[in-house]
Every structure is written in structure tokens, then in C-alpha cells.
Amino acid sequence: MLVRISKFRHIGKNAYLFSSVGFSTDEAISTTTKNPFLSDYLIKSLGFSRDEANSATAKLSSVKPPKNPDLVIKFFEEIGLGRTEIKKLVSITPQLLFSDLNRTLKPKLQWLLEFGLSGSDLVNLFRWDARALFRGVDSHFRPNLEYLRKLFSSEECLVKAIKKSPWLLAPNGPKQINPKILLLQKFGFSKPKIEKLLIQKPLVVLQKTGWLEEKLHRVEKDLQISPKSGMFFYGVIALVSVSKSTVKKKMGIFRSCGWCDLDIMTVFRKQPLCLVMSEAKIQRALDFFMRELGYKPEHLVCNPAVLMLSLDKRVIPRNVVLKVLEENKLNQKVSFLKALRISERMFRSIFVLPYKDEVPNLYESYMTCVRR
């Protein structure tokens with residue numbers, strides 16, 4: 001059977017010539033084994049399966065065996081990569097086994113490591129951008145980093161963001177990122193807020209500008225949070241994390257528990273990160289507060305942050321303590337919702353430690369729950 005596909009061949013620096021070629025399916029199958037030496041090497045040295053090895057070598061245009069693959073693998077081990085990580089890296093970019101270790105590979109990777117990336121970070125970088133291995137330090141990485149440094153208060157914060165999204169080092173990074181930075185500034189984002197957003201959600205500045213602008217307008221219009229409000233930032237974090245369909249599903253959970261849309265939107269406006277909670281966590285929180293404790297929507301609308309607290313490590317253990325104190329007539333008339341909001345240290349000093357001797361095992365049981 002004859003099929004036609006597009007292929008490309010390298011014709012110079014960063015240039016490729018595309019063409020359409022015809023071949024039989026038998027020939028297509030044979031191309032997966034056009035480099036049997038390398039396939040066998042990957043199987044023996046890195047534990048590839050035959051299919052995995054053939055798939056990796058099929059990405060190569062050269063049929064010549066690499067000169068010193070053992071030295072390349074040894075270098076990766078020296079910089080802290082395990083066999084599994086090396087295998088992933090070779091699967092993504094088998095060309096690296098053909099690289100000149102001392103002239104190309106080592107200087108580039110050592111520079112990235114000295115910058116603060118780990119071996120596993122490098123795997124993630126090349127998974128995102130397989131051609132990054134063949135970009136120059138001075139022509140590509142250094143200019144991108146110089147731009148990014150202007151957006152961060154410290155090298156530590158910059159490294160943290162790049163670890164989370166290696167695409168920040170992508171080609172034309174400044175050209176992609178700058179329009180989003182200008183848009184965020186237009187909506188009142190200060191430099192510290194922009195840095196915080198880049199650390200928490202770095203992919204935001206790599207989306208299309210229109211996508212981000214639509215999210216910003218939704219925070220202002222749908223959630224009714226002013227860009228001047230301190231909650232606007234958290235509204236953006238929430239809406240870039242969830243889709244419209246997900247928001248509808250989460251609103252449906254509140255409605256099923258007897259909430260009206262006005263109260264639901266009030267909760268989201270006061271505590272936008274409620275939108276990031278999983279559907280299961282929202283359901284469980286509403287079940288506990290409303291069915292177990294008997295709270296009405298109007299009580300929770302005034303205290304939406306309690307819905308985000310850990311049921312197992314905070315809400316339920318504190319509820320048990322207050323019940324035990326009440327049963328022993330030791331309760332200090334306090335609102336449970338207020339008891340939830342105070343710090344862990346303060347809760348223990350007021351409700352647990354003073355009764356350590358009067359109520360056996362109270363302290364031990366409570367500490368066991370909160371440490372799980």
C-alpha cells in the first residue's frame with residue numbers, strides 16, 4: 001500500500017525543508033529499525049523495550065551510531081539524573097547521544113545547573129521543548145533570563161517559577177510574555193502581585209493575550225470584584241484555574257444543598273479560592289456544616305473561609321474538642337465558627353491545654369488528629 005506523508009530535512013542552522021514523499025507501509029515499518037545499533041544500545045544500556053527503542057531511533061535522520069553514548073549517559077548520571085530520567089530524556093531527544101559532550105552538551109547543562117535547575121528540572125525543560133538542547137546559552141537562554149530577572153525580586157523566586165514552567169525559557173519568551181505583563185499592569189497588578197502570579201501560575205503569561213483578558217474581565221464582571229480590591233488577585237488565580245463548565249458544576253453542588261445563586265456568588269466574591277476546591281471537597285464541607293452541624297447558607301455566607309479548611313485536620317478535631325468540653329460542662333461559650341478561625345496555637349492554649357488533666361486523653365487524641 002502506498003501512502004504519502006510530509007517529511008523534513010535539515011538544510012542549515014534552524015532551517016528545514018519540507019517535502020512530501022511516497023512509500024509503502026512495509027517501508028514505513030522498516031524505518032523504525034533503520035538504526036539497529038542504537039536500538040540495541042538503548043535496550044541494553046537504559047532498559048528500553050524494543051518498541052520504545054525503535055520509536056526513539058525513528059526520530060533520527062542519521063543512521064550512523066553515536067561516537068560516545070556511554071560518556072553522555074555517564075555525564076547525566078554525574079549531574080544527578082537517575083536511569084529513569086535519562087531514559088525519558090533520550091526518548092524525547094535521542095539526538096543528544098550524538099552531541100559533542102565537551103563543546104555542546106556539558107557547557108550548556110552545567111550553566112543551567114549552576115543557575116539553579118536540577119537534573120529532573122532539565123528533563124521537564126526538554127519535555128516541554130525538545131529543541132532547547134540545541135539552543136545556545138548566549139543566543140537564547142541568557143537573554144531570556146535577563147528579561148525574566150526584571151520581573152522577579154530574587155533569583156530564588158525566578159528559579160521557582162522556571163521549575164514550575166520551563167516554558168518560560170521558550171523561544172521568543174520576552175515577546176510572548178511582555179503583552180500579558182502590560183495587560184496585568186493595566187488592571188492594577190503591582191510588581192509583587194505579578195511576581196506572585198508568575199510563581200503560582202506561570203503558564204498564565206504564555207497563554208494568548210485575549211484568553212487572559214477575558215479572565216480578568218470575568219473576575220470584574222462575573223465575580224464583581226474590583227481590580228482595586230485585594231481579592232482581585234485571588235479571583236484571577238481562581239478563574240485561570242477552572243473552566244466555565246467547572247464553575248457551573250460547583251454552583252450546582254451548592255444549589256443541591258439549598259443555596260440560591262446570590263449566596264453562591266457572594267461566597268465566590270468573598271473567597272474566590274473556593275472555586276479551586278474540588279467538587280468532592282465542596283460537597284463534603286457542605287454536608288458536614290449543614291447536615292452534621294445544622295448551619296444555614298446565611299451563616300456560611302458570612303464565613304466562607306471555613307469551607308476551605310481541612311475537615312480532617314481542623315474542623316472535625318476542633319468540633320470534637322468543643323463537644324467533649326460541653327459534655328464535661330467545661331465549654332467557654334464560644335461560636336464554633338469563631339473557634340475555627342483562630343490559629344492552631346491559640347486554639348490549643350484556650351481549649352485543649354487547660355483541660356489536659358481534667359479530661360484524660362483530650363490532648364493526645366486531638367494532637368493525633370491534627371498531625372495525620
Side-chain angles (χ1 to χ4, degrees), residues 184 187-190 193 196-197 199-201 203-204 211-323 334-344 346-347 370:
L184 291 169
F187 275 79
F189 273 61
S190 62
K193 284 286 176 68
K196 192 174 181 181
L197 181 66
I199 292 173
Q200 292 189 28
K201 296 288 179 181
L203 284 176
V204 164
W211 177 89
L212 177 58
E213 188 169 17
E214 187 259 346
K215 299 290 185 182
L216 293 166
H217 283 302
R218 280 185 58 206
V219 175
E220 189 174 15
K221 294 179 180 178
D222 295 356
L223 298 184
Q224 297 180 4
I225 303 175
S226 168
K228 296 180 181 179
S229 166
M231 278 293 154
F232 190 80
F233 172 83
Y234 297 102
V236 174
I237 291 290
L239 289 192
V240 300
S241 304
V242 296
S243 64
K244 286 184 178 180
S245 61
T246 300
V247 172
K248 287 181 180 178
K249 287 179 183 177
K250 292 179 179 180
M251 289 185 71
I253 296 172
F254 280 91
R255 290 190 190 110
S256 69
C257 293
W259 288 59
C260 67
D261 286 0
L262 179 60
D263 285 343
I264 298 171
M265 294 311 297
T266 300
V267 164
F268 291 160
R269 184 175 67 254
K270 287 184 173 183
Q271 194 56 252
L273 293 182
C274 282
L275 281 165
V276 184
M277 294 169 60
S278 70
E279 292 167 40
K281 185 173 181 179
I282 291 174
Q283 184 70 68
R284 190 169 173 230
L286 292 176
D287 285 346
F288 185 79
F289 281 105
M290 298 184 73
R291 293 175 187 172
E292 295 276 337
L293 303 182
Y295 285 106
K296 302 294 183 187
E298 53 265 32
H299 299 127
L300 298 174
V301 165
C302 296
N303 300 275
V306 300
L307 295 174
M308 300 179 63
L309 299 175
S310 169
L311 282 177
D312 296 319
K313 292 186 177 182
R314 186 159 181 155
V315 178
I316 294 175
R318 292 193 183 189
N319 182 54
V320 170
V321 166
L322 294 181
K323 275 189 174 181
V334 64
S335 160
F336 178 56
L337 295 180
K338 183 178 180 180
L340 284 178
R341 293 196 301 269
I342 63 178
S343 70
E344 177 61 29
M346 186 174 291
F347 182 83
V370 298

Asks: Tell me if a side-chain donor or acceptor on K215 pairs with a main-chain N or O of L239 at a distance below 3.5 Å.
Replies: yes
Asks: Side-chain donor-acceptor pair under 3.5 Å between S226 and S229, yes or no?
Replies: no
Asks: Output all residues satisfying ring pair (Phe, Tyr, Trp, His ring centres under 6.0 Å) with Y295, sequence neighbours left out; order by chain, then residue number.
Replies: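 Only H299 meet the ring pair (Phe, Tyr, Trp, His ring centres under 6.0 Å) criterion with Y295.
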Asks: Quick one: closest heavy-atom pair of L307 and M277, and the distance?
Replies: O-CE, 3.1 Å
Asks: Restricting to non-hydrogen atoms, name the atom on L340 and the atom on V315 that form the minimum distance, rounded to 0.1 Å.
Replies: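 Where L340 meets V315 most closely, the heavy atoms are CD2-CA, 3.7 Å.
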Asks: Give the minimum heavy-atom separation between I225 and P272, together with the two atoms involved.
Replies: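 Between these two residues, the closest heavy atoms are CD1-CG, 3.7 Å.
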Asks: Is it true that, when you exclude M308 itself, more than 12 heavy atoms of the residues, nucleotides or ligands shown sit nearer than 6.0 Å to its CE?
Replies: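 Counting neighbours around CE of M308, more than 12 heavy atoms of other residues, nucleotides or ligands fall under 6.0 Å, so yes.
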Asks: Could you pull out every donor-acceptor pair under 3.5 Å between side chains of residues 284-291 and any protein atom, sequence neighbours left out?
Replies:
from	atom 1	to	atom 2	distance (Å)
R284	NH1	D312	OD2	3.3
R284	NH2	D312	OD1	2.8
D287	OD1	Q283	NE2	3.2
D287	OD1	R291	NH1	3.1

Asks: Quick check for you: to the nearest 0.5 Å, what is the distance between C257 atom SG and K296 atom NZ?
Replies: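 Result: 12.0 Å between the selected atoms.
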Asks: Hey, could you give me each pair passing salt bridge (Lys or Arg N to Asp or Glu O under 4.0 Å) that has a residue in residues 334-344? Not counting sequence neighbours.
Replies: R318-E344, E344-R348
Asks: Identify the two heavy atoms, one from I342 and one from A339, that lie closest to each other, and give their separation to 0.1 Å.
Replies: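 Closest approach of I342 to A339: CG1-O, 3.3 Å.
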Asks: Pairs in or reaching into residues 216-225: which pass salt bridge (Lys or Arg N to Asp or Glu O under 4.0 Å), with residues at least two apart or in two chains?
Replies: R218-D222
Asks: Which heavy atom in V301 sits nearest to a heavy atom in K270, and how many Å separate them?
Replies: O-NZ, 3.3 Å
Asks: Kindly list each side-chain donor-acceptor pair under 3.5 angstrom involving residues 259-269, sequence neighbours excluded, with atom names and distances?
Replies:
from	atom 1	to	atom 2	distance (Å)
D261	OD1	R255	NE	2.7
D261	OD1	R255	NH2	3.3
D261	OD2	R255	NH2	3.3
T266	OG1	L262	O	2.7

Asks: Using the ring pair (Phe, Tyr, Trp, His ring centres under 6.0 Å) criterion, which residues pair with F347? Sequence neighbours excluded.
Replies: F351, Y366
Asks: Are any of the side-chain heavy atoms of F232 and L223 separated by less than 4.5 Å?
Replies: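 F232 does not reach L223 side chain to side chain.
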